[in-house]
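Worksheet: one structure, shown below.
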Amino acid sequence: MEVTSELITKWFSAWTKDLLTNKAYLDELDTPIGDSDHGTNMARGAEAIQNVLADNEGEDVQKLMKKIAMAVLTKVSGASGAIYGTAFLQMSQKTELTDMIDSGVAGIQRRGQAELGDKTLLDVWIPAADLLKEDTLTVSKIEQDVVSTKMMPAKKGRAKFVGDAAIGHIDPGAVSSGYLFKDLIKEING
């Protein structure tokens, strides 16, 4: 599926609203296993993305995604800014949806040195990429992948420093990524 600027605008508008609405929840998820600021950081990024979208004057997909990436890289502190910014920057090099998501996954893996099962946002991105190719990605499957991080030991990120205490907590990056992919499915399905 070729991605249009209109799809990006609708998709990222929906995602930023979810991030802003759930800021406190994302911070709460990050409290036992991180710095308690995932929601706050992502809200800052959401506002920066909304500014990019408001100023968009019919730019092509690649330029729009690059502006989104740069907004995230410059406004979101901590690992989230680097990880999401890198993913979106890699996505800006493609225009076909599955290629975009694959590029985002590759960028995240290079930046974070993480894999599936490490209790990171990749536990949502990798299955979403695979299911998207099969045209079987659904909101319920995304939710299952998000919840699957709860019982995983953390092998990467701040959560790995709390050891086994991370088990029993959903990864906040998986949740924010879950919003991203649920909003994509909603926009694709109209």
Derivation of the side-chain contact (heavy atoms from CB on, under 4.5 Å) call for Leu20 and Gln50
CA-CA 11 Å; Leu20 292 167; Gln50 287 178 340; 3.5 Å; yes
Evaluate side-chain contact (heavy atoms from CB on, under 4.5 Å) for Val61 paired with Met100, printing each intermediate quantity in order.
CA-CA 11 Å; Val61 169; Met100 285 179 88; 4.1 Å; yes
Stepwise, does the side-chain contact (heavy atoms from CB on, under 4.5 Å) test hold for Ile188 with Met1?
CA-CA 10 Å; Ile188 289 173; Met1 169 183 176; 4.3 Å; yes
More than 12 heavy atoms of other residues, nucleotides or ligands under 6.0 Å from CG of Asn189: is that the case?
yes
Among residues at least two apart in sequence or on other chains, which ones pass side-chain hydrogen bond (donor to acceptor under 3.5 Å, both in side chains) with Arg111?
Thr86
Sorted by first residue and then second, give each side chain to side chain donor-acceptor pair (under 3.5 Å) pair with at least one member in residues 97-108; sequence neighbours left out.
Glu96-Thr98, Asp102-Lys133
Using only atom types and a distance under 3.5 Å, with no angle test, would you say the side chain of Trp11 pairs donor to acceptor with the backbone of Ile185?
no
Kindly assign one of parallel, tilted or perpendicular to the pair Tyr84 and Trp15, based on the angle between their ring planes and the thresholds 30° and 60°.
tilted
Working to the nearest 0.5 Å, report the span between CG of Asp35 and OG1 of Thr40.
11.0 Å
Applying side-chain contact (heavy atoms from CB on, under 4.5 Å), run through Leu29 and His38 and close with a yes or a no.
CA-CA 8 Å; Leu29 289 174; His38 186 68; over 6 Å; no
Once salt bridge (Lys or Arg N to Asp or Glu O under 4.0 Å) is applied, what residue pairs with a partner in residues 6-29 remain, sequence neighbours excluded?
Glu6-Lys10
Salt bridge (Lys or Arg N to Asp or Glu O under 4.0 Å) partners of residues 161-170, not counting sequence neighbours, each pair once
none
So, Asn22 side chain and Tyr25 main chain: donor-acceptor pair closer than 3.5 Å or not?
no
Considering only residues two or more places apart or on different chains, which pairs with a residue in residues 65-75 satisfy salt bridge (Lys or Arg N to Asp or Glu O under 4.0 Å)?
Glu59-Lys67
Short side-chain to backbone donor-acceptor contact, Asp30 and Leu26, under 3.5 Å:
no
Quick one: does Lys155's side chain have a donor or acceptor within less than 3.5 Å of a partner on Lys119's backbone?
no
Residue pairs passing the salt bridge (Lys or Arg N to Asp or Glu O under 4.0 Å) test where at least one lies in residues 166-190, sequence neighbours excluded
Glu143-Lys182
Give the ring-plane orientation class for Phe12 versus Phe88, where under 30° counts as parallel, over 60° as perpendicular and anything between as tilted.
perpendicular
Partner of Phe181 under side-chain contact (heavy atoms from CB on, under 4.5 Å), picked from Leu131, Leu132, Ile101, is Ile101
Check: Asn41 side chain, Val76 main-chain N or O, donor-acceptor pair, under 3.5 Å:
no
Ser5 and Leu64: which non-hydrogen atoms are nearest, and at how many Å?
O-CD2, 3.9 Å
The reported gap from CG in Asp130 to CG in Leu137 (rounded to nearest 0.5 angstrom) is 10.0 Å
Are the side chain of Asp145 and the backbone of Ile142 linked by a donor-acceptor contact shorter than 3.5 Å?
no
Check: Asp60 side chain, Gln62 main-chain N or O, donor-acceptor pair, under 3.5 Å
yes
